[in-house]
Amino acid sequence: ITIEASRPGRRSGLSGLLFHHSNGTEAGGHVSKGNRTNGEVNAGAALTMDQYDDDQVVSLQYNQQGATRSQGLTFVDRPDSLGPVVLGYYRILDRMSEGPARDSVLREMHAKAPPGQLAVRRLFVGRDTSKAAILNLSDRSGIPRLRLMVDSSGNAAIVFLDRTGKTVRTITP
């Protein structure tokens, strides 16, 4: 177990614990951040489990920006091995802090990476920023295809989505 206090790159401003395999490679961890500026909360925490010699595949996360909050459990599908294009981008991204420049590199990576080489969110269960309790099931491209939800007013729905993420059918009580 390693205590990870503010380090350059994508973990800048975070603290927590990193877990390692017996051979020293990272296996997941718990990271958190939090502060209050002018009365507004900016906080988050994550408990993650990594695919061997890769990045997280299971995470329990909480994020808050002011009054906007979400939390949930996420399962990510990752390729068995990363190709040279994605590995090259990860080497760049790992050294970058969060912000517009990093977002731009991420968009470039997603545009250039071969199909099947990117991680995609397959399942999310939790509370989204609209205060709805949701269960999203996504296809191998990461596009939500089935959503079970109860909105903030207590209205339940089952939503079916097409290959582009567009709602094609909604079942309500």
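All values below come from the heavy atoms of this structure, side chains included, with hydrogens, waters and symmetry mates left out. None of the values given here were measured: they were computed from a predicted structure.
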Just by modelled atom types, is the [Y] backbone N or O under 3.5 Å from a matching donor or acceptor in the [X] side chain?
{"X": "Arg127", "Y": "Arg69", "answer": "yes"}
{"X": "Asn23", "Y": "Thr25", "answer": "yes"}
{"X": "Gln64", "Y": "Gly34", "answer": "no"}
{"X": "Arg122", "Y": "Asp139", "answer": "yes"}
{"X": "Thr48", "Y": "Ser59", "answer": "no"}
{"X": "Arg121", "Y": "Pro144", "answer": "no"}
{"X": "Arg147", "Y": "Leu135", "answer": "no"}

Are [X] and [Y] grouped together when hydrophobic residues (ILVMFWY) are joined by side-chain heavy atoms under 4.5 angstrom apart?
{"X": "Phe160", "Y": "Leu123", "value": "yes"}
{"X": "Leu60", "Y": "Val125", "value": "yes"}
{"X": "Tyr52", "Y": "Met49", "value": "no"}
{"X": "Tyr90", "Y": "Ile92", "value": "yes"}
{"X": "Ile171", "Y": "Leu146", "value": "yes"}

Can you tell me how far [atom2] of [Y] sits from [atom1] of [X], rounded to the nearest 0.5 angstrom?
{"X": "Asn63", "Y": "Lys33", "atom1": "CG", "atom2": "NZ", "answer": "6.5 Å"}
{"X": "Leu148", "Y": "Ile158", "atom1": "CG", "atom2": "CD1", "answer": "6.0 Å"}
{"X": "Lys166", "Y": "Ile143", "atom1": "NZ", "atom2": "CD1", "answer": "14.0 Å"}
{"X": "Thr68", "Y": "Lys131", "atom1": "OG1", "atom2": "NZ", "answer": "8.5 Å"}

Side chain to side chain, Leu93 and Leu106, heavy atoms closer than 4.5 Å: yes

Leu47 and Val58, any side-chain heavy atoms less than 4.5 Å apart: no

Partners passing side chain to side chain contact (heavy atoms under 4.5 Å, CB included) against Arg36 (at least two apart in sequence or in another chain): Val41

Work out which heavy atom in [X] is nearest to a heavy atom in [Y]; give both atom names and the distance.
{"X": "Arg78", "Y": "Gln56", "value": "NE-O, 2.7 Å"}
{"X": "Val76", "Y": "Ala119", "value": "CG1-CB, 3.6 Å"}
{"X": "Ala113", "Y": "Val86", "value": "CB-CG2, 3.8 Å"}
{"X": "Asp50", "Y": "Gly28", "value": "OD2-N, 3.4 Å"}
{"X": "Ala132", "Y": "Asp151", "value": "CB-CA, 3.9 Å"}
{"X": "Met109", "Y": "Leu118", "value": "CE-CD2, 3.8 Å"}

Stepwise side chain to side chain donor-acceptor pair (under 3.5 Å) check, Asn42 with Gln65: CA-CA 5 Å; Asn42 176 6; Gln65 301 289 320; 2.8 Å; yes

Test log, rule side-chain contact (heavy atoms from CB on, under 4.5 Å), inputs Arg140 and Val120: CA-CA 7 Å; Arg140 291 191 64 188; Val120 295; 5.6 Å; no

